[in-house]
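Letters A, B, ... are given to chains in the order of the sequence lines, protein chains preceding strands, and every chain is numbered from 1.
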Amino acid sequence: MTHVDLQIPVNDNFSFNECLWFLNRNFDDCMHTVYTGSVRKVLLIDQLPVLLEISMSRQHLRVQVLRGEINDQTEPFIRNYITEWFNPDEDIAAFYKLLIRHKSLAYMPEAFKGLRLIGIPDLFEALAWSIIGQQINLPFAYRVKRRFVEKYGSSILHDDVLYHIFPSCETVAKLNPDDLCEMQFSRRNAEYIIGLADAFVRGEISKQQLAGLSDFISRQKALTNIRGIGIWTANYALMKSLKEPSCIPYGDAGLLNALMNHNIIREKSDSKEMNTFFKKFPGWESYLVFYLWRSLAPTEKEKILDTTVRQTV
DNA sequence: AACCAGGCTGCGC
DNA sequence: GCGCAGCATGGT
């Protein structure tokens, strides 16, 4: 049964266009494809691919199934996935109130109005992606991810477009570091990712197990116990995959740049000022980090200029 | 050519 | 517990 729509309600302060804009920033992310007013992505549900198109229809996210089955089993999975991806059910009014109080951030609720923290619901994907992104620039990280996904993930073809599924931990666990070094992983990051995949295969870690731990610190520790996952990666994954509200990815280059841009810290090493700053946003640290990252993206004007240049060249 | 990039490990203290 | 070198991999 195709052509069935799902509707997912959204609450106030939700802008699908802002979310789409973020998904389509200036990077080439192979895990989804953005169109005007919609985004397509394929999910793997019980080993079967389901291609979705998400768009906005009145006060609902509208999910159309372009390929694959939608039934009593897959529907809850899809609903849950989309909800964790766009977080349309959150109430971010309190966050906006805090932003408005802050001198150099007061512009954000208007400038980024309705942007939600875009999640990566799959924990293995979130962790593997953040390991890929360690200490390398983002355009390069996205290129490495694309090579990795195109080689070791599966995909489906629809209307002449390939939609990719992230490699499974079973597949990755069987790789040798050399397989990944070929695609410009550093040897160490290759070892990290394969080890991570192995931990998932062995059941040493899972999203469910992690979510079941009693507090934030335990969840952080469970992650940093894995080789290759430091505090930055742990916080990134907890923020993107487990909706942890108070994650500060310490040392993050982008975060530090954003804080410098907003004159919130003077030196990148100034962790004291940074901590005092974050204390003004209790419970919204993750959201704040996400909005600060958003502030690093080029403005709409710059982006249009950029594509114009590329086209004429 | 030097410095940067959404860091981590291991060591010495 | 904290600071710091050493480390890979490319981009600008």
Between [N] ([atom2]) and [X] ([atom1]): distance, integer Å:
| X | N | atom1 | atom2 | value |
| --- | --- | --- | --- | --- |
| A:Arg188 | B:dC8 | CZ | P | 11 Å |
| A:Arg227 | B:dG7 | CZ | P | 18 Å |
| A:Leu127 | B:dG7 | CG | P | 15 Å |
| A:Ile136 | C:dT9 | CD1 | P | 11 Å |
| A:Met183 | C:dA8 | CE | C1' | 17 Å |
| A:Leu256 | B:dC4 | CG | P | 13 Å |
| A:Trp232 | B:dT9 | CH2 | C1' | 16 Å |
| A:Gln134 | C:dG6 | CD | P | 20 Å |

Would you please confirm or rule out a distance under 4.0 Å between OP1 or OP2 of [N] and any side-chain N or O of [X]?
| X | N | answer |
| --- | --- | --- |
| A:Asn257 | B:dA5 | yes |
| A:Thr233 | B:dC8 | yes |
| A:Gln184 | C:dG10 | yes |

### Message
With nearest nucleotide decided by heavy atoms, which residue, A:Gly228 or A:Lys268, maps closer to the 5′ end of DNA chain B?
### Response
A:Lys268
Is the charged tip of [X] near the ring of [Y]: under 6.0 Å from the six-membered ring centre and within 45° of its axis?
| X | Y | result |
| --- | --- | --- |
| A:Arg202 | A:Phe200 | no |
| A:Lys41 | A:Trp85 | yes |
| A:Arg40 | A:Tyr35 | yes |

### Task
Identify whether any heavy atom of A:Leu296 sits under 4.0 Å from a base atom; if not, whether one sits that close to sugar-phosphate; answer base, sugar-phosphate or nothing.
nothing
### Sugar-phosphate, base or nothing in reach of A:Ile132, heavy atoms under 4.0 Å
nothing
### Task
Please test A:Tyr287 against A:Phe281 for ring pair (Phe, Tyr, Trp, His ring centres under 6.0 Å), starting from the C-alpha separation and ending with a verdict.
CA-CA 9 Å; A:Tyr287 245 96; A:Phe281 299 85; over 10 Å; no
Nearest to the side chain of [X], which nucleotide is it out of [options]?
| X | options | answer |
| --- | --- | --- |
| A:Arg143 | B:dA5, B:dG7, C:dG10 | C:dG10 |
| A:Phe140 | C:dA8, B:dC8, C:dG11 | C:dG11 |
| A:Asn137 | C:dA8, B:dA5, B:dG7 | B:dA5 |

### Message
Centroid separation under 6.0 Å, is that true for the rings of A:Phe290 and A:Trp284?
### Response
no
